[in-house]
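Worksheet for the structure shown next.
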Amino acid sequence: MGEKIISKINLEDEQDIYVKRGMVRAEFDFWVGIVMDKFYEGLQNKQFIGTKCSKCGKVFLPPRNRCADCFAKAEEFVELPQTGVVKNFTVSNYNVTERRVRKAKEPNMVGLIQIDGADTAMVVPIINTNPDDLKEGMKVKVVWAKNIKGHPNDIAGFEPVGGG
Amino acid sequence: MAHKVQPAIISCGFCEHASKRSDVNMAELVNEAVEDCIKKANIDWKDIDAVINGNMPAFEGANMPELWMGDHMAAKNKPMLRVTTGGTTGGSVTIAGYYSVASGLYDMVLAIGFEQQSCGDTTVGLASVGLGEFTIFSDLGYTIERMRSNMGGGAAIGIASYQAMNYMRRSRATEEDLARVVVQNRRNAAKNWWTHLKMPSITIEDVLDTPYISYPLRFGMVCPASDGACAMLITTEEKAKQIADIPVYINGVASYSNESAILGIDCAGAGQVDPCEQLGAMKSAEVAYGQAGISFPNKEIDYAEVYSPFPNQELMWVERVGLFEENKAPEAYQNGVTALNGELPVNCSGGVNSTNAIGASAMERPAEAALQIMGKAGNQVPKTVHTALGHGWGGSINLITHVVMSDEPQRKWR
(Lines give C-alpha, C1' and ligand atoms only; values in the text may rest on other atoms or scores of the structure.)
Protein backbone atom coordinates (compact mmCIF):
# COMPACT_ATOMS: atom_id res chain seq x y z
CA MET A 1 0.00 0.00 0.00
CA GLY A 2 3.02 2.26 -0.38
CA GLU A 3 3.08 3.09 3.32
CA LYS A 4 5.54 1.91 5.88
CA ILE A 5 3.73 -0.51 8.16
CA ILE A 6 4.65 0.07 11.78
CA SER A 7 4.50 -2.93 14.02
CA LYS A 8 3.74 -2.62 17.72
CA ILE A 9 7.32 -3.46 18.72
CA ASN A 10 8.97 -0.67 16.75
CA LEU A 11 6.60 1.95 17.99
CA GLU A 12 9.17 3.71 20.14
CA ASP A 13 11.24 5.08 17.29
CA GLU A 14 8.29 5.61 14.95
CA GLN A 15 5.30 7.85 15.27
CA ASP A 16 3.66 6.72 18.48
CA ILE A 17 0.08 6.13 17.56
CA TYR A 18 -0.97 4.74 20.89
CA VAL A 19 -0.26 7.74 23.06
CA LYS A 20 -1.83 10.37 20.82
CA ARG A 21 -4.79 11.76 22.60
CA GLY A 22 -7.88 13.27 21.08
CA MET A 23 -11.04 14.67 22.56
CA VAL A 24 -14.35 13.09 21.64
CA ARG A 25 -17.34 15.22 22.33
CA ALA A 26 -20.50 13.32 23.18
CA GLU A 27 -23.69 15.19 23.84
CA PHE A 28 -26.73 13.53 25.29
CA ASP A 29 -30.21 14.96 25.71
CA PHE A 30 -33.06 13.64 27.73
CA TRP A 31 -36.65 14.24 26.76
CA VAL A 32 -38.72 14.78 29.90
CA GLY A 33 -41.96 14.21 28.01
CA ILE A 34 -45.31 15.95 28.33
CA VAL A 35 -46.04 14.72 31.85
CA MET A 36 -42.81 15.87 33.49
CA ASP A 37 -43.00 19.08 31.46
CA LYS A 38 -46.22 19.82 33.33
CA PHE A 39 -44.33 19.35 36.60
CA TYR A 40 -41.64 21.89 35.62
CA GLU A 41 -44.33 24.27 34.38
CA GLY A 42 -45.86 23.94 37.85
CA LEU A 43 -42.58 24.82 39.53
CA GLN A 44 -42.51 27.97 37.45
CA ASN A 45 -45.83 28.96 39.09
CA LYS A 46 -44.62 27.77 42.52
CA GLN A 47 -46.95 24.78 42.45
CA PHE A 48 -46.50 21.04 42.81
CA ILE A 49 -48.32 19.17 40.04
CA GLY A 50 -48.72 15.42 40.40
CA THR A 51 -50.75 12.75 38.63
CA LYS A 52 -53.46 10.50 39.98
CA CYS A 53 -54.04 6.87 39.04
CA SER A 54 -57.39 6.34 37.35
CA LYS A 55 -57.87 2.97 39.09
CA CYS A 56 -56.39 2.93 42.59
CA GLY A 57 -56.20 6.70 43.12
CA LYS A 58 -52.53 6.79 44.05
CA VAL A 59 -50.93 10.21 43.59
CA PHE A 60 -47.47 10.44 42.05
CA LEU A 61 -45.12 13.35 42.57
CA PRO A 62 -43.02 13.82 40.43
CA PRO A 63 -45.77 12.80 38.03
CA ARG A 64 -45.77 9.72 35.82
CA ASN A 65 -48.38 8.65 33.29
CA ARG A 66 -48.62 5.02 34.38
CA CYS A 67 -49.46 3.62 37.80
CA ALA A 68 -46.69 1.40 39.06
CA ASP A 69 -49.02 -0.87 41.00
CA CYS A 70 -52.00 -1.48 38.74
CA PHE A 71 -50.55 -0.56 35.31
CA ALA A 72 -53.53 1.74 34.76
CA LYS A 73 -53.25 5.20 33.20
CA ALA A 74 -52.43 8.05 35.58
CA GLU A 75 -53.12 11.07 33.44
CA GLU A 76 -55.25 13.24 35.75
CA PHE A 77 -53.18 16.17 36.97
CA VAL A 78 -53.66 17.28 40.58
CA GLU A 79 -52.21 20.24 42.44
CA LEU A 80 -50.62 19.36 45.77
CA PRO A 81 -49.95 21.51 48.85
CA GLN A 82 -46.61 23.12 49.70
CA THR A 83 -46.12 21.10 52.89
CA GLY A 84 -44.90 17.60 53.49
CA VAL A 85 -43.34 15.08 55.85
CA VAL A 86 -39.69 13.94 56.15
CA LYS A 87 -39.75 10.20 55.56
CA ASN A 88 -36.00 9.72 55.79
CA PHE A 89 -32.87 11.85 55.76
CA THR A 90 -29.10 11.89 55.64
CA VAL A 91 -26.37 14.41 56.48
CA SER A 92 -23.25 14.92 54.40
CA ASN A 93 -20.17 16.88 55.47
CA TYR A 94 -18.69 17.16 51.99
CA ASN A 95 -19.36 19.36 49.02
CA VAL A 96 -18.98 17.74 45.63
CA THR A 97 -18.32 20.04 42.70
CA GLU A 98 -17.48 19.16 39.13
CA ARG A 99 -13.76 19.11 39.91
CA ARG A 100 -13.21 18.22 43.54
CA VAL A 101 -14.64 17.01 46.79
CA ARG A 102 -14.00 19.14 49.86
CA LYS A 103 -15.21 19.47 53.40
CA ALA A 104 -18.28 21.63 53.71
CA LYS A 105 -18.46 24.58 56.10
CA GLU A 106 -21.96 23.61 57.10
CA PRO A 107 -23.32 20.06 56.84
CA ASN A 108 -25.68 19.34 53.92
CA MET A 109 -28.98 17.81 54.87
CA VAL A 110 -30.92 15.83 52.30
CA GLY A 111 -34.27 14.25 52.91
CA LEU A 112 -36.81 11.98 51.28
CA ILE A 113 -39.85 14.20 51.47
CA GLN A 114 -43.43 13.11 50.92
CA ILE A 115 -45.68 16.01 49.99
CA ASP A 116 -49.03 15.87 51.78
CA GLY A 117 -51.51 14.01 49.60
CA ALA A 118 -48.84 12.29 47.50
CA ASP A 119 -47.98 8.58 47.69
CA THR A 120 -44.41 9.01 46.54
CA ALA A 121 -41.47 11.00 47.89
CA MET A 122 -38.75 13.21 46.38
CA VAL A 123 -35.11 13.63 47.39
CA VAL A 124 -34.59 17.33 48.18
CA PRO A 125 -32.34 19.43 50.45
CA ILE A 126 -33.53 20.33 53.93
CA ILE A 127 -32.52 23.86 54.94
CA ASN A 128 -32.81 26.40 57.76
CA THR A 129 -32.33 23.84 60.52
CA ASN A 130 -29.45 21.82 62.00
CA PRO A 131 -28.75 18.08 61.84
CA ASP A 132 -29.52 17.52 65.53
CA ASP A 133 -33.09 18.70 65.07
CA LEU A 134 -33.82 16.42 62.13
CA LYS A 135 -36.19 13.58 62.77
CA GLU A 136 -38.32 11.26 60.74
CA GLY A 137 -41.92 12.32 60.40
CA MET A 138 -41.25 16.04 60.98
CA LYS A 139 -43.45 18.52 59.13
CA VAL A 140 -41.74 20.64 56.48
CA LYS A 141 -42.71 23.27 53.93
CA VAL A 142 -41.12 24.29 50.67
CA VAL A 143 -38.75 27.25 50.22
CA TRP A 144 -38.65 28.49 46.64
CA ALA A 145 -35.45 29.73 45.01
CA LYS A 146 -35.05 33.44 44.24
CA ASN A 147 -34.89 32.96 40.48
CA ILE A 148 -37.62 30.65 39.27
CA LYS A 149 -37.05 29.22 35.79
CA GLY A 150 -38.94 25.92 35.60
CA HIS A 151 -35.95 23.84 36.67
CA PRO A 152 -35.41 21.27 39.46
CA ASN A 153 -33.30 23.89 41.28
CA ASP A 154 -36.42 26.05 41.72
CA ILE A 155 -36.94 24.15 44.96
CA ALA A 156 -34.28 25.70 47.22
CA GLY A 157 -35.20 23.17 49.87
CA PHE A 158 -37.67 22.31 52.60
CA GLU A 159 -37.63 23.91 56.03
CA PRO A 160 -39.31 22.78 59.24
CA VAL A 161 -42.76 24.26 59.83
CA GLY A 162 -42.71 26.81 62.63
CA GLY A 163 -38.92 26.98 62.84
CA GLY A 164 -38.50 23.28 63.69
CA MET B 1 -33.61 -29.64 17.81
CA ALA B 2 -37.14 -30.08 18.95
CA HIS B 3 -38.39 -27.90 21.76
CA LYS B 4 -39.99 -29.19 24.95
CA VAL B 5 -42.84 -26.68 24.84
CA GLN B 6 -44.06 -25.14 21.58
CA PRO B 7 -43.74 -21.34 21.85
CA ALA B 8 -46.17 -19.10 19.99
CA ILE B 9 -46.52 -15.38 19.38
CA ILE B 10 -49.96 -14.09 20.28
CA SER B 11 -49.59 -10.34 19.98
CA CYS B 12 -47.21 -7.63 18.76
CA GLY B 13 -47.33 -3.98 19.80
CA PHE B 14 -45.67 -0.87 18.46
CA CYS B 15 -45.45 2.78 19.35
CA GLU B 16 -45.44 5.46 16.72
CA HIS B 17 -41.92 5.99 15.37
CA ALA B 18 -40.46 9.40 14.56
CA SER B 19 -37.09 11.11 14.43
CA LYS B 20 -37.80 12.93 17.69
CA ARG B 21 -40.37 11.62 20.15
CA SER B 22 -39.84 14.53 22.52
CA ASP B 23 -43.41 14.25 23.84
CA VAL B 24 -42.45 11.18 25.87
CA ASN B 25 -39.44 10.11 27.88
CA MET B 26 -37.82 6.74 27.26
CA ALA B 27 -39.97 4.91 29.80
CA GLU B 28 -43.19 6.33 28.38
CA LEU B 29 -42.07 5.47 24.84
CA VAL B 30 -41.56 1.84 25.84
CA ASN B 31 -44.84 1.88 27.72
CA GLU B 32 -46.76 2.84 24.55
CA ALA B 33 -45.59 -0.31 22.76
CA VAL B 34 -46.17 -2.49 25.84
CA GLU B 35 -49.69 -1.17 26.27
CA ASP B 36 -50.47 -1.66 22.57
CA CYS B 37 -49.24 -5.26 22.80
CA ILE B 38 -51.14 -6.15 25.98
CA LYS B 39 -54.31 -4.46 24.74
CA LYS B 40 -54.28 -6.34 21.44
CA ALA B 41 -53.77 -9.67 23.23
CA ASN B 42 -56.69 -8.81 25.50
CA ILE B 43 -55.00 -10.17 28.62
CA ASP B 44 -54.27 -8.71 32.05
CA TRP B 45 -50.72 -7.49 32.65
CA LYS B 46 -50.55 -9.73 35.71
CA ASP B 47 -50.74 -12.80 33.44
CA ILE B 48 -47.24 -12.06 32.18
CA ASP B 49 -44.69 -14.31 33.91
CA ALA B 50 -41.40 -12.72 32.86
CA VAL B 51 -40.08 -9.77 30.89
CA ILE B 52 -37.10 -9.72 28.52
CA ASN B 53 -35.91 -6.43 27.10
CA GLY B 54 -33.02 -4.86 25.31
CA ASN B 55 -31.73 -1.84 23.47
CA MET B 56 -28.47 -0.71 21.97
CA PRO B 57 -26.07 0.06 24.83
CA ALA B 58 -24.89 3.67 25.17
CA PHE B 59 -26.91 5.09 22.28
CA GLU B 60 -29.09 7.22 24.55
CA GLY B 61 -26.40 7.92 27.12
CA ALA B 62 -28.40 5.84 29.57
CA ASN B 63 -26.87 2.64 30.79
CA MET B 64 -29.16 -0.07 32.04
CA PRO B 65 -32.37 1.86 31.40
CA GLU B 66 -34.44 -1.20 32.29
CA LEU B 67 -33.57 -0.59 35.93
CA TRP B 68 -35.54 2.64 36.04
CA MET B 69 -38.46 1.71 33.80
CA GLY B 70 -39.45 -1.70 35.08
CA ASP B 71 -42.92 -0.56 36.06
CA HIS B 72 -43.46 0.95 32.62
CA MET B 73 -42.63 -2.44 31.13
CA ALA B 74 -45.33 -4.17 33.22
CA ALA B 75 -42.46 -5.91 35.02
CA LYS B 76 -43.20 -5.03 38.61
CA ASN B 77 -42.21 -7.98 40.81
CA LYS B 78 -41.48 -10.17 37.80
CA PRO B 79 -38.27 -11.79 36.61
CA MET B 80 -36.53 -9.47 34.19
CA LEU B 81 -33.63 -10.07 31.84
CA ARG B 82 -31.77 -7.68 29.57
CA VAL B 83 -30.21 -8.85 26.32
CA THR B 84 -28.19 -6.52 24.10
CA THR B 85 -26.37 -7.60 20.98
CA GLY B 86 -26.09 -4.35 19.04
CA GLY B 87 -28.20 -4.19 15.87
CA THR B 88 -29.60 -7.67 16.44
CA THR B 89 -30.79 -6.83 19.97
CA GLY B 90 -34.46 -7.21 19.01
CA GLY B 91 -33.81 -10.55 17.34
CA SER B 92 -31.84 -11.78 20.34
CA VAL B 93 -34.60 -10.63 22.71
CA THR B 94 -37.14 -12.57 20.62
CA ILE B 95 -34.94 -15.64 20.70
CA ALA B 96 -34.45 -15.24 24.48
CA GLY B 97 -38.25 -15.11 24.80
CA TYR B 98 -38.49 -18.26 22.71
CA TYR B 99 -35.94 -20.03 24.92
CA SER B 100 -37.78 -19.00 28.12
CA VAL B 101 -41.03 -20.53 26.90
CA ALA B 102 -39.51 -23.50 25.03
CA SER B 103 -37.61 -24.55 28.13
CA GLY B 104 -40.84 -24.72 30.11
CA LEU B 105 -39.68 -22.13 32.64
CA TYR B 106 -42.32 -19.50 31.90
CA ASP B 107 -45.74 -19.64 30.30
CA MET B 108 -46.09 -16.06 29.14
CA VAL B 109 -43.11 -13.86 28.30
CA LEU B 110 -43.14 -10.24 27.21
CA ALA B 111 -40.25 -9.34 24.90
CA ILE B 112 -39.43 -5.66 24.41
CA GLY B 113 -36.98 -3.85 22.13
CA PHE B 114 -36.64 -0.07 22.20
CA GLU B 115 -34.49 2.88 21.23
CA GLN B 116 -34.85 6.62 21.67
CA GLN B 117 -31.99 7.68 19.40
CA SER B 118 -32.76 11.39 19.52
CA CYS B 119 -31.56 11.42 23.15
CA GLY B 120 -28.05 10.39 22.41
CA ASP B 121 -25.05 10.53 20.18
CA THR B 122 -25.24 7.56 17.84
CA THR B 123 -21.68 8.00 16.61
CA VAL B 124 -20.33 7.63 20.15
CA GLY B 125 -22.37 4.46 20.58
CA LEU B 126 -21.13 3.16 17.26
CA ALA B 127 -17.52 3.87 18.26
CA SER B 128 -17.79 1.06 20.78
CA VAL B 129 -19.07 -1.23 18.04
CA GLY B 130 -16.30 -0.11 15.71
CA LEU B 131 -13.58 -1.23 18.12
CA GLY B 132 -12.54 -3.99 15.76
CA GLU B 133 -12.02 -1.46 13.02
CA PHE B 134 -9.98 0.86 15.22
CA THR B 135 -7.75 -2.04 16.18
CA ILE B 136 -7.12 -2.83 12.55
CA PHE B 137 -6.35 0.74 11.62
CA SER B 138 -3.89 0.95 14.51
CA ASP B 139 -2.28 -2.32 13.48
CA LEU B 140 -1.80 -0.98 9.99
CA GLY B 141 -0.03 2.00 11.51
CA TYR B 142 -2.68 4.62 10.84
CA THR B 143 -2.34 7.77 12.91
CA ILE B 144 -5.41 9.02 14.71
CA GLU B 145 -5.71 11.82 12.15
CA ARG B 146 -5.68 9.41 9.24
CA MET B 147 -8.09 7.18 11.06
CA ARG B 148 -10.44 10.07 11.42
CA SER B 149 -10.23 10.98 7.74
CA ASN B 150 -10.89 7.36 6.93
CA MET B 151 -14.01 7.24 9.08
CA GLY B 152 -15.98 7.54 5.84
CA GLY B 153 -14.97 3.93 5.53
CA GLY B 154 -16.07 3.21 9.06
CA ALA B 155 -19.28 2.79 11.03
CA ALA B 156 -22.41 1.36 9.44
CA ILE B 157 -22.39 3.28 6.17
CA GLY B 158 -18.75 2.38 5.53
CA ILE B 159 -19.42 -1.31 5.95
CA ALA B 160 -22.50 -1.07 3.79
CA SER B 161 -20.65 0.67 1.00
CA TYR B 162 -18.03 -2.10 0.85
CA GLN B 163 -20.88 -4.60 0.81
CA ALA B 164 -22.70 -2.66 -1.89
CA MET B 165 -19.60 -2.45 -4.10
CA ASN B 166 -18.95 -6.17 -3.77
CA TYR B 167 -22.59 -7.06 -4.33
CA MET B 168 -22.90 -4.83 -7.37
CA ARG B 169 -19.76 -6.31 -8.88
CA ARG B 170 -21.01 -9.86 -8.29
CA SER B 171 -24.57 -9.43 -9.45
CA ARG B 172 -24.14 -6.54 -11.89
CA ALA B 173 -26.84 -4.66 -9.99
CA THR B 174 -27.04 -0.98 -10.86
CA GLU B 175 -27.76 2.08 -8.74
CA GLU B 176 -31.26 1.98 -10.18
CA ASP B 177 -31.74 -1.46 -8.69
CA LEU B 178 -30.79 -0.08 -5.29
CA ALA B 179 -33.16 2.85 -5.72
CA ARG B 180 -35.96 0.48 -6.70
CA VAL B 181 -35.65 -1.29 -3.34
CA VAL B 182 -35.85 2.04 -1.53
CA VAL B 183 -38.96 3.08 -3.47
CA GLN B 184 -40.71 -0.20 -2.65
CA ASN B 185 -39.83 0.12 1.05
CA ARG B 186 -40.84 3.75 1.51
CA ARG B 187 -44.11 3.30 -0.40
CA ASN B 188 -44.91 0.29 1.78
CA ALA B 189 -44.07 2.30 4.89
CA ALA B 190 -46.64 4.91 3.89
CA LYS B 191 -49.37 2.29 4.39
CA ASN B 192 -48.15 1.12 7.80
CA TRP B 193 -49.26 3.18 10.80
CA TRP B 194 -46.18 3.13 13.03
CA THR B 195 -43.40 3.76 10.51
CA HIS B 196 -41.07 6.76 10.30
CA LEU B 197 -40.29 7.69 6.66
CA LYS B 198 -43.62 7.61 4.84
CA MET B 199 -43.15 8.52 1.17
CA PRO B 200 -46.21 7.37 -0.82
CA SER B 201 -45.19 8.98 -4.12
CA ILE B 202 -41.39 8.60 -4.15
CA THR B 203 -39.84 7.56 -7.49
CA ILE B 204 -36.52 6.04 -8.55
CA GLU B 205 -35.53 9.41 -10.05
CA ASP B 206 -36.15 11.13 -6.68
CA VAL B 207 -33.76 8.72 -4.96
CA LEU B 208 -31.07 9.04 -7.64
CA ASP B 209 -31.33 12.81 -7.40
CA THR B 210 -29.86 12.91 -3.87
CA PRO B 211 -26.09 13.29 -3.21
CA TYR B 212 -23.72 10.45 -2.42
CA ILE B 213 -22.84 9.82 1.23
CA SER B 214 -20.36 7.05 0.53
CA TYR B 215 -20.30 5.64 -3.00
CA PRO B 216 -22.54 3.93 -4.16
CA LEU B 217 -24.97 4.85 -1.37
CA ARG B 218 -26.88 8.10 -1.67
CA PHE B 219 -28.59 10.16 0.99
CA GLY B 220 -32.01 9.00 -0.19
CA MET B 221 -31.06 5.34 0.17
CA VAL B 222 -29.99 5.40 3.79
CA CYS B 223 -32.18 4.47 6.76
CA PRO B 224 -33.31 7.19 9.19
CA ALA B 225 -32.51 7.28 12.92
CA SER B 226 -35.81 6.76 14.74
CA ASP B 227 -37.27 6.75 18.22
CA GLY B 228 -39.48 3.77 18.83
CA ALA B 229 -40.28 0.56 20.62
CA CYS B 230 -41.73 -2.84 19.86
CA ALA B 231 -43.21 -5.45 22.20
CA MET B 232 -44.17 -9.06 21.65
CA LEU B 233 -46.00 -11.66 23.74
CA ILE B 234 -44.68 -15.21 23.52
CA THR B 235 -46.61 -18.01 25.20
CA THR B 236 -47.20 -21.76 25.09
CA GLU B 237 -49.23 -23.56 22.44
CA GLU B 238 -52.12 -24.32 24.83
CA LYS B 239 -52.44 -20.74 26.08
CA ALA B 240 -52.00 -19.30 22.58
CA LYS B 241 -54.92 -21.35 21.29
CA GLN B 242 -57.17 -19.93 24.03
CA ILE B 243 -56.09 -16.32 23.57
CA ALA B 244 -55.35 -15.73 19.89
CA ASP B 245 -57.45 -16.38 16.78
CA ILE B 246 -54.37 -17.35 14.80
CA PRO B 247 -51.38 -18.14 17.03
CA VAL B 248 -48.03 -17.80 15.27
CA TYR B 249 -45.78 -20.70 16.23
CA ILE B 250 -42.04 -20.11 16.39
CA ASN B 251 -40.57 -23.20 14.78
CA GLY B 252 -36.95 -22.35 14.22
CA VAL B 253 -34.45 -19.86 15.63
CA ALA B 254 -30.75 -19.40 15.06
CA SER B 255 -28.10 -16.78 15.71
CA TYR B 256 -24.62 -16.95 14.25
CA SER B 257 -21.65 -14.68 14.42
CA ASN B 258 -18.75 -15.02 12.03
CA GLU B 259 -15.73 -12.78 11.99
CA SER B 260 -14.90 -11.13 8.74
CA ALA B 261 -11.44 -10.13 7.63
CA ILE B 262 -12.42 -6.49 7.80
CA LEU B 263 -13.73 -6.55 11.34
CA GLY B 264 -12.09 -9.45 13.10
CA ILE B 265 -10.19 -8.42 16.19
CA ASP B 266 -6.53 -7.64 15.32
CA CYS B 267 -7.14 -8.57 11.66
CA ALA B 268 -7.54 -12.16 12.80
CA GLY B 269 -10.93 -12.70 11.25
CA ALA B 270 -11.89 -15.93 9.56
CA GLY B 271 -10.44 -14.55 6.36
CA GLN B 272 -13.80 -13.71 4.88
CA VAL B 273 -12.65 -10.86 2.69
CA ASP B 274 -15.91 -10.25 0.87
CA PRO B 275 -18.43 -8.52 3.20
CA CYS B 276 -21.34 -9.59 1.02
CA GLU B 277 -20.48 -13.27 1.31
CA GLN B 278 -22.24 -13.58 4.71
CA LEU B 279 -21.59 -17.19 5.63
CA GLY B 280 -23.24 -16.53 9.01
CA ALA B 281 -26.51 -15.65 7.35
CA MET B 282 -26.39 -18.74 5.18
CA LYS B 283 -25.57 -20.99 8.11
CA SER B 284 -28.18 -19.53 10.46
CA ALA B 285 -30.82 -19.75 7.72
CA GLU B 286 -29.94 -23.39 7.13
CA VAL B 287 -30.18 -24.22 10.85
CA ALA B 288 -33.44 -22.33 11.43
CA TYR B 289 -35.09 -23.87 8.36
CA GLY B 290 -33.87 -27.28 9.50
CA GLN B 291 -35.58 -26.83 12.88
CA ALA B 292 -38.77 -25.69 11.19
CA GLY B 293 -38.71 -28.57 8.70
CA ILE B 294 -38.35 -26.33 5.67
CA SER B 295 -36.45 -27.87 2.79
CA PHE B 296 -37.17 -25.40 0.00
CA PRO B 297 -37.28 -21.91 1.52
CA ASN B 298 -37.88 -20.25 -1.85
CA LYS B 299 -41.06 -22.31 -2.25
CA GLU B 300 -42.20 -22.70 1.37
CA ILE B 301 -41.64 -19.21 2.80
CA ASP B 302 -44.64 -16.98 2.01
CA TYR B 303 -43.38 -13.74 3.48
CA ALA B 304 -40.01 -12.38 4.60
CA GLU B 305 -38.84 -9.45 6.68
CA VAL B 306 -35.10 -8.89 6.34
CA TYR B 307 -32.96 -6.36 8.20
CA SER B 308 -31.82 -3.92 5.54
CA PRO B 309 -30.90 -0.38 6.59
CA PHE B 310 -29.29 -0.03 3.15
CA PRO B 311 -30.96 -1.21 -0.07
CA ASN B 312 -28.04 -3.34 -1.28
CA GLN B 313 -28.40 -5.40 1.90
CA GLU B 314 -32.01 -6.25 1.16
CA LEU B 315 -30.96 -7.68 -2.20
CA MET B 316 -28.08 -9.50 -0.54
CA TRP B 317 -30.05 -10.95 2.40
CA VAL B 318 -32.94 -12.36 0.37
CA GLU B 319 -30.33 -14.29 -1.63
CA ARG B 320 -28.23 -15.40 1.33
CA VAL B 321 -31.21 -16.68 3.32
CA GLY B 322 -32.24 -18.81 0.40
CA LEU B 323 -35.28 -16.99 -0.91
CA PHE B 324 -33.75 -16.27 -4.31
CA GLU B 325 -30.91 -17.72 -6.32
CA GLU B 326 -27.59 -15.93 -6.08
CA ASN B 327 -27.50 -12.66 -8.06
CA LYS B 328 -31.17 -13.05 -9.06
CA ALA B 329 -32.69 -10.65 -6.49
CA PRO B 330 -32.41 -7.41 -8.55
CA GLU B 331 -34.36 -9.08 -11.36
CA ALA B 332 -37.04 -10.26 -8.91
CA TYR B 333 -37.46 -6.74 -7.56
CA GLN B 334 -37.73 -5.42 -11.12
CA ASN B 335 -40.48 -7.95 -11.92
CA GLY B 336 -42.46 -7.13 -8.78
CA VAL B 337 -42.06 -10.58 -7.20
CA THR B 338 -41.35 -8.97 -3.83
CA ALA B 339 -44.11 -6.34 -4.02
CA LEU B 340 -47.19 -6.36 -1.79
CA ASN B 341 -49.18 -8.47 -4.27
CA GLY B 342 -46.18 -10.44 -5.54
CA GLU B 343 -45.37 -14.12 -5.14
CA LEU B 344 -42.93 -13.57 -2.26
CA PRO B 345 -43.58 -10.20 -0.60
CA VAL B 346 -40.56 -8.80 1.28
CA ASN B 347 -40.53 -6.01 3.89
CA CYS B 348 -44.13 -4.82 3.39
CA SER B 349 -43.82 -3.03 6.75
CA GLY B 350 -41.42 -0.62 5.08
CA GLY B 351 -38.41 -2.36 6.52
CA VAL B 352 -35.47 -0.96 8.40
CA ASN B 353 -34.82 1.28 5.40
CA SER B 354 -37.87 3.35 6.41
CA THR B 355 -37.75 3.02 10.21
CA ASN B 356 -34.69 2.29 12.29
CA ALA B 357 -35.01 2.43 16.06
CA ILE B 358 -31.98 0.17 16.38
CA GLY B 359 -32.80 -1.79 19.53
CA ALA B 360 -36.32 -2.40 18.21
CA SER B 361 -35.56 -2.97 14.51
CA ALA B 362 -34.54 -6.62 14.68
CA MET B 363 -37.66 -7.38 16.75
CA GLU B 364 -39.94 -5.50 14.39
CA ARG B 365 -38.92 -7.94 11.64
CA PRO B 366 -40.30 -11.11 13.31
CA ALA B 367 -43.14 -9.05 14.80
CA GLU B 368 -44.31 -7.80 11.40
CA ALA B 369 -43.85 -11.27 9.89
CA ALA B 370 -46.02 -12.68 12.70
CA LEU B 371 -48.68 -10.03 12.10
CA GLN B 372 -48.77 -10.98 8.40
CA ILE B 373 -49.56 -14.58 9.42
CA MET B 374 -52.24 -13.35 11.86
CA GLY B 375 -53.66 -11.12 9.13
CA LYS B 376 -53.34 -8.04 11.32
CA ALA B 377 -50.41 -6.20 9.72
CA GLY B 378 -50.64 -2.50 8.96
CA ASN B 379 -49.82 -3.20 5.34
CA GLN B 380 -51.35 -6.65 5.00
CA VAL B 381 -50.48 -8.71 1.93
CA PRO B 382 -53.53 -9.93 -0.03
CA LYS B 383 -52.45 -13.59 -0.14
CA THR B 384 -52.63 -15.92 2.87
CA VAL B 385 -49.32 -16.19 4.69
CA HIS B 386 -48.60 -19.54 6.31
CA THR B 387 -44.84 -19.45 6.87
CA ALA B 388 -42.73 -16.35 7.38
CA LEU B 389 -39.19 -15.34 8.19
CA GLY B 390 -37.89 -12.57 10.46
CA HIS B 391 -34.21 -11.82 10.04
CA GLY B 392 -31.86 -9.54 12.00
CA TRP B 393 -28.37 -8.24 11.32
CA GLY B 394 -25.94 -6.42 13.56
CA GLY B 395 -22.97 -6.71 15.82
CA SER B 396 -20.30 -5.33 13.59
CA ILE B 397 -21.23 -6.79 10.25
CA ASN B 398 -21.41 -10.30 11.42
CA LEU B 399 -24.15 -11.26 13.84
CA ILE B 400 -27.30 -12.71 12.35
CA THR B 401 -30.55 -13.76 14.02
CA HIS B 402 -33.23 -15.82 12.35
CA VAL B 403 -36.77 -16.54 13.45
CA VAL B 404 -38.90 -18.85 11.31
CA MET B 405 -42.57 -18.96 12.19
CA SER B 406 -45.72 -20.61 10.91
CA ASP B 407 -49.43 -20.96 11.59
CA GLU B 408 -48.78 -24.65 12.31
CA PRO B 409 -46.72 -26.04 15.23
CA GLN B 410 -43.41 -27.75 14.64
CA ARG B 411 -43.95 -31.13 13.03
CA LYS B 412 -43.74 -33.73 15.75
CA TRP B 413 -42.66 -36.60 13.53
CA ARG B 414 -39.23 -35.07 12.99
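For clarity, every value in this text was computed on a predicted model and none was experimentally measured. In what follows, chains carry the letters A, B, and so on, assigned in the order in which the sequence lines appear, proteins first and then strands, with residues in each chain numbered from 1.
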Query raised in the report: So, A/D133 and A/K135, do they make that salt bridge, N to O below 4.0 Å?
Result: no
Query raised in the report: Hey, is A/K87 close enough to A/E136 for a salt bridge, meaning N to O under 4.0 Å?
Result: no
Query raised in the report: For A/D69, is it the side chain, the backbone, both or neither that has a heavy atom under 4.5 Å from a heavy atom of chain B?
Result: both
Requested in this report: Measure distances from A/C70 to the heavy atoms of chain B and classify the residue's part below 4.5 Å as side chain, backbone, both or neither.
Outcome: backbone
Report summary line: Greatest number of non-hydrogen atom pairs under 4.5 angstrom with chain A, of B/R21, B/M26, B/E35, falls to B/E35
Query raised in the report: Is there a donor-acceptor contact under 3.5 Å from the side chain of A/T120 to the main chain of A/F60?
Result: no
Checking heavy atoms, do the side chain of [X], its backbone, both or neither come under 4.5 Å from chain A?
{"X": "B/Q116", "result": "side chain"}
{"X": "B/L29", "result": "neither"}
{"X": "B/N77", "result": "neither"}

Query raised in the report: So how far is it from B/K76 NZ to B/K46 NZ, rounded to the nearest 0.5 Å?
Result: 10.0 Å
Query raised in the report: Taking all non-hydrogen atoms of both residues, which atom of A/S54 and which atom of A/K73 are closest, and how far apart?
Result: OG-O, 2.8 Å
